[in-house]
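Values in this document were obtained by computation on a predicted structure and should not be read as measured data. One is the number of the first residue; the rest follow in order along the sequence. Below, all heavy atoms of this structure are taken into account, side chains as well, without hydrogens, waters or symmetry copies.
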Amino acid sequence: QVQLVESGGGLVQPGGSLRLSCAASGSISNIIAMGWYRQAPGKQRELVAVTSSGGKTTYADSVKGRFTISRDYAKNTVYLQMDSLKPEDTAVYYCNIKAILFIDRWGQGTQVTVSA
């Protein structure tokens with residue numbers, strides 16, 4: 001049973017930075033994509049950023065130029081560097097890893113709060 005462990009969330013002031021990490025607790029091979037999603041109170045879960053095994057990265061328009069997704073396939077780990085944070089970035093952030101054979105795993109979510 002593969003589980004994802006997230007870390008790096010917390011409280012930060014507007015304009016600050018946070019770095020989120022998410023790693024699979026067990027070995028997983030043939031990863032297709034790693035990504036981050038978020039859900040704010042009263043809103044639907046939305047894609048933040050995703051990186052594929054082919055190296056393609058995709059970002060939500062709201063975070064382009066501020067967030068950077070990176071990966072370490074050897075460690076089955078995905079990172080999200082968040083800079084110039086805004087109050088509207090406040091949400092629960094979830095990591096996701098997809099692999100072949102219909103493997104689709106989610107983290108438990110980590111709270112990010114941007115407030116003065």
Side-chain angles (χ1 to χ4, degrees):
Q1 182 78 39
V2 176
Q3 296 184 11
L4 303 183
V5 180
E6 299 170 327
S7 63
L11 174 65
V12 65
Q13 293 184 335
S17 298
L18 285 174
R19 180 180 171 88
L20 305 183
S21 301
C22 178
S25 60
S27 297
I28 184 169
S29 61
N30 298 305
I31 292 174
I32 298 172
M34 301 178 179
W36 290 92
Y37 295 73
R38 68 185 181 187
Q39 186 169 20
K43 295 185 177 181
Q44 295 182 331
R45 186 175 299 187
E46 65 176 348
L47 173 70
V48 177
V50 62
T51 180
S52 72
S53 60
K56 181 181 178 181
T57 57
T58 302
Y59 296 91
D61 288 341
S62 60
V63 307
K64 287 181 179 178
R66 300 188 297 117
F67 291 10
T68 303
I69 189 170
S70 60
R71 65 198 184 280
D72 185 337
Y73 287 120
K75 298 180 179 179
N76 296 329
T77 301
V78 60
Y79 306 92
L80 185 67
Q81 178 67 43
M82 304 185 293
D83 298 319
S84 301
L85 283 162
K86 304 175 181 179
E88 50 263 45
D89 295 318
T90 297
V92 177
Y93 285 69
Y94 300 88
C95 67
N96 173 257
I97 297 179
K98 292 180 170 62
I100 62 171
L101 302 179
F102 306 102
I103 295 175
D104 191 349
R105 299 288 184 266
W106 292 85
Q108 80 287 349
T110 184
Q111 178 71 48
V112 172
T113 302
V114 185
S115 176

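Residue pairs meeting the ring-ring contact (aromatic ring centres under 6.0 Å, His included) criterion with at least one member in residues 4-34, sequence neighbours excluded, do not occur. Listed by first and then second residue, the disulfide bond (SG atoms under 2.5 Å apart) pairs involving residues 70-116 are Cys22-Cys95 (not counting sequence neighbours). Within the structure, the ring-ring contact (aromatic ring centres under 6.0 Å, His included) test picks out the following pairs touching residues 16-45 (sequence neighbours left out): Tyr37-Trp106. Counting only residues at least two apart or in different chains, ring-ring contact (aromatic ring centres under 6.0 Å, His included) contacts with residues 74-103 are absent.
In the hydrophobic cluster analysis, where Ile, Leu, Val, Met, Phe, Trp and Tyr join through side-chain heavy atoms closer than 4.5 angstrom, Leu18 is grouped together with Val114. Ile31 and Leu101 fall into different hydrophobic clusters, where Ile, Leu, Val, Met, Phe, Trp and Tyr side chains are chained together by heavy-atom contacts under 4.5 Å. Clustering ILVMFWY residues whenever any of their side-chain heavy atoms sit less than 4.5 angstrom apart, transitively, puts Leu85 in the very cluster that holds Val63. No chain of hydrophobic side-chain contacts below 4.5 Å, direct or via other Ile, Leu, Val, Met, Phe, Trp or Tyr residues, connects Val112 to Val92.
Summarising the geometry, atom CE belonging to Met82 is positioned 11.0 Å from atom OG1 belonging to Thr68; distances are rounded to the nearest 0.5 Å. Summarising the geometry, atom CD1 belonging to Ile97 is positioned 4.5 Å from atom CG belonging to Leu4; distances are rounded to the nearest 0.5 Å. Of the inter-residue distances, the one linking Ser52 atom OG with Arg71 atom CZ reads 7.0 Å to the nearest 0.5 angstrom.
In terms of the side-chain contact (heavy atoms from CB on, under 4.5 Å) criterion, residue partners of Ala99 (sequence neighbours excluded) are, by chain and number, Ile28, Ile103. Legend: residues meeting ring pair (Phe, Tyr, Trp, His ring centres under 6.0 Å) with Phe67, ordered by chain and number and at least two apart, are absent. Residues passing the side chain to side chain donor-acceptor pair (under 3.5 Å) test with Asp89, sequence neighbours excluded: Arg38, Arg66. Partners of Lys56 according to the salt bridge (charged side-chain N to carboxylate O under 4.0 Å, His left out) rule, which considers only residues two or more places apart in sequence or in another chain, do not exist here. Residues passing the side chain to side chain donor-acceptor pair (under 3.5 Å) test with Thr90, sequence neighbours excluded: none. The side chain to side chain donor-acceptor pair (under 3.5 Å) test applied to Lys64 returns Asp61, not counting sequence neighbours. Checked against side chain to side chain donor-acceptor pair (under 3.5 Å), Ser70 has no partners two or more places apart in sequence or in another chain.
For the pair Asp83 and Ser17, the tightest heavy-atom approach, listed with the atom from each and the gap, is OD1-OG, 2.8 Å. Nearest heavy-atom pair across Ala116 and Pro14 is N-CD, 3.6 Å. Minimum heavy-atom separation, Met34 to Ile69: O-CD1, 3.7 Å.
Looking only at distances, a side-chain donor or acceptor of Glu6 sits under 3.5 Å from a matching main-chain atom of Gly109. Listed for the Thr77 side chain is no donor-acceptor partner under 3.5 Å among the backbone atoms of Asp72.
Other members of the cluster containing Leu11 do not exist, because no ILVMFWY side chain is joined to it at under 4.5 Å.
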